[in-house]
**Student:** 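I have a structure I would like to understand better, so I am pasting it below and will then ask my questions one at a time.
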Amino acid sequence: MNLLCKKKLKDLSSMLLFITPFTVLFIVFLLFPLMQGAFYSFTDWNGISSNVRFVGFENYIEAFTNDKRFVNSLIVTGKYTVATVVISNIVGLCLALFVESSGKIKYALRTLFFTPYIFSLVVVGFSWRFIYTKIAANLYQLTNIGFFNLDFLGSPKIALISVIIMSVWHGMGYYMLIYIAGIQSIDQYILEAAIIDGASGLRKFRYIILPLLMPSITICVFTCLAGSLKIFDSIFVLTSGGPGYSTETIAVNIYNEAFGSANLYGYGTAKAIVLALIIMAVSVVQLSYFKSKEVEA
Amino acid sequence: MVKTAGRIISHVFLIVILVLYLFPIYLVVMNSFRPFKDMFESYLAFPKSLYLDNYITAFSASGFTRRLLNNFILTFITVAGVLIVTSMAGYKLSRVKSKLSRFLYLLYTVPFLIPFYTYMIPLVQLMTKLKLMNSLTGVALILISTSSFAFFMFHGFVKTIPVELDESAKIDGCGEFSTYIRIIVPLLKPIISSVAVLYAIWTWNDFLLPFLILNEPEKQTVTISVYQMIGKFGSDWDVITATLVLASLPMVILYVFLQKYVISGVMTGAVKG
């Protein structure tokens, strides 16, 4: 008994040796400020004054009842997320299927299609600002096609679409790679059996490939959902939320209000907690729904 | 016959899509080699000659070289730190099956779900208290604290290494730590390369965190330089495009040489995650 106890203690101490560096950093720089943030969301803290008053759920109630700009940012984020997730995944999956069946050039293709992902979102934001303002005007002069004369960043109706195009362009290669990994993990025998059984291209895709790709779809949609709900950098650079508030997502709204105009730190943190809760709720629903659709090969 | 024709059509289709897809990069790079007045006439025309003045202006902009160096330092510290702490934690938590290890595993998923700005304000306060404001090491420590993706990559990969290896090392008189260093780390090499290049890219490109923590101009990174161009160069797109290229060049070079590891990192990360 004593010996067993000693062994357990020794195991625990060796485990601590390995996990302490990461865990300590995790607690100090992540969990601790996070808890503090959660606390501040119930106060009227402005970041400077030491006089912090506890206000209960007031910040949360304020955000949903009195703050039209925040409610607007929820809607903008919703629209942006749905569009980006759907387009990135459909295009990423189609591209993965095409690239994977393209023989020898597939390695070069996947490397090249992934390229935009290696650029910083700030660089991407600037590049697209250049394209939407300068290149598009030039293309209009050359071709006279009305599309290029659109006010890509100046019109509240179009700006969000311009942002979505940029995001899909930047992230799509990432999803394509995950789908390629999924396609490669499908057992060739299953596909051959399907062909022998007379499954045509489209049926093979619908009834064999798609169900077997469900794990990849789960991962891609999860990553894209969380990333889109959190979107900040590229919008900050491309439009900073404008024109008006037409591209102001939750993150940009929090930044603009906490650092831009007033130092409403307690209030800003409350809105950030709301966003965190939305991300968690959406992720849990998405993961459990998509997992239920996965099949065993 | 039909099959080869079909293949040619699909190749042509894919290459057309690829060219359109990479066209924005081409436009930015090409315009960075032209004086502004030439750009103004046509942003689409090919440069008349190799014109490097934009690059000279961009490079000599105050502190650009210093910031490039800062980026290298930040990226190096972060990548080294991430590799050390997450491979250790990933290895051990993958081997030990206990309530504590399961709890920690779940706890480490938090960064995937919590957006950074939920705690950025208290974090800035904390950094001020710890005297880590304007410190590249400080930024690196924060980045390491959120490196759950690397942890899950190692955690997943260690599962594929037989436990018998650990046990036989133990019998041969290897201590816990030297088993990790001598037996496990060499086997982790492929995943180490992938994690290293992915974190190099992510750290190099990170914006909001360095922007909040690094206020002194000589401590800032290249991405912050790029952001600050809005005010500095207005709409001098010739200098701006050159700066965009310069800021991205190190990662492009990295990608050209190590793309194998970037690609396999993303692909295995998806399966293991």
**Student:** Counting only non-hydrogen atoms closer than 4.5 Å, does A:Leu17 touch chain B with its backbone (N, CA, C, O), its side chain (CB onward), both, or neither?
**Tutor:** both
**Student:** Considering only heavy atoms, which portion of B:Tyr108 lies under 4.5 Å from any heavy atom of chain A: side chain, backbone, both, or neither?
**Tutor:** both
**Student:** Given heavy-atom pairs under 4.5 angstrom as the criterion, report whether the side chain, backbone, both or neither of A:Ser283 touches chain B.
**Tutor:**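 Only the side chain of A:Ser283 comes within 4.5 Å of chain B.
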**Student:** Can you tell if the side chain of B:Asn31 reaches within under 4.5 Å of the side chain of A:Ile135, non-hydrogen atoms only?
**Tutor:** yes
**Student:** So what's closer than 4.5 Å to chain B heavy atoms on A:Ser185: side chain, backbone, both or neither?
**Tutor:**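 Nothing of A:Ser185, per the 4.5 Å heavy-atom cut-off to chain B.
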**Student:** How many angstroms lie between atom CG of B:Asn205 and atom CG of A:Asp233, to the nearest 0.5 angstrom?
**Tutor:**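 Here the rounded value is 9.5 Å.
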**Student:** Short question: side chain of A:Tyr40, backbone of B:Ile121 - any donor-acceptor pair under 3.5 Å?
**Tutor:** no
**Student:** Against chain B, work out which of A:Leu275, A:Val237, A:Ile254 has the most heavy-atom pairs shorter than 4.5 Å and name it.
**Tutor:**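 It is A:Leu275.
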**Student:** B:Phe13 and A:Phe98: aromatic ring centres closer than 6.0 Å?
**Tutor:** yes
**Student:** Does the side-chain hydrogen bond (donor to acceptor under 3.5 Å, both in side chains) test come out yes or no for A:Thr115 and B:Tyr21, once each step is laid out?
**Tutor:** CA-CA 10 Å; A:Thr115 315; B:Tyr21 193 66; over 6 Å; no
**Student:** Are side-chain heavy atoms of B:Ile114 and A:Met280 found at a separation under 4.5 Å?
**Tutor:** yes
**Student:** Checking A:Leu16 against chain B: side chain, backbone, both or neither under 4.5 Å from a heavy atom?
**Tutor:**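 Neither part; nothing is under 4.5 Å.
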**Student:** Measure the shortest side-chain to side-chain distance between A:Phe29 and B:Ile144 over non-hydrogen atoms and say whether it is less than 4.5 angstrom.
**Tutor:**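 The answer is no, as the side chains (C-beta and beyond) never meet within the 4.5 Å cut-off.
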**Student:** Decide if the gap between the ring center of B:Tyr227 and the ring center of A:Phe236 is smaller than 6.0 angstrom.
**Tutor:** yes
**Student:** For each of A:Lys271, A:Met172, A:Met35, tally heavy-atom pairs with chain B at distances under 4.5 Å, and name the one with the top tally.
**Tutor:** A:Met172
**Student:** Does any backbone or side-chain atom of A:Tyr174 lie under 4.5 Å from a heavy atom of chain B? Answer side chain, backbone, both or neither.
**Tutor:** both
**Student:** With a 4.5 angstrom heavy-atom cut-off, is it the side chain or the backbone of A:Ile105 that approaches chain B, or both, or neither?
**Tutor:** side chain
**Student:** Write down the atom of A:Leu30, the atom of B:Ser145, and the distance for their closest heavy-atom approach.
**Tutor:**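 The answer is CD1-O, 3.8 Å.
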**Student:** Can you say whether A:Val99 sits under 4.5 Å from chain B via the side chain, the backbone, both, or neither, judging by heavy atoms?
**Tutor:** both
**Student:** Tell me, side chain or backbone of A:Leu31 under 4.5 Å from chain B's heavy atoms, or both, or neither?
**Tutor:**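 The side chain, not the backbone.
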**Student:** Output, in order, the C-alpha distance, side-chain angles, deciding distance and verdict of ring-ring contact (aromatic ring centres under 6.0 Å, His included) for B:Tyr117 and A:Tyr255.
**Tutor:** CA-CA 8 Å; B:Tyr117 17 84; A:Tyr255 185 90; 9.1 Å; no
**Student:** Is B:Val96 in contact with chain A via its backbone, its side chain, both, or neither, using a 4.5 Å heavy-atom distance?
**Tutor:** side chain
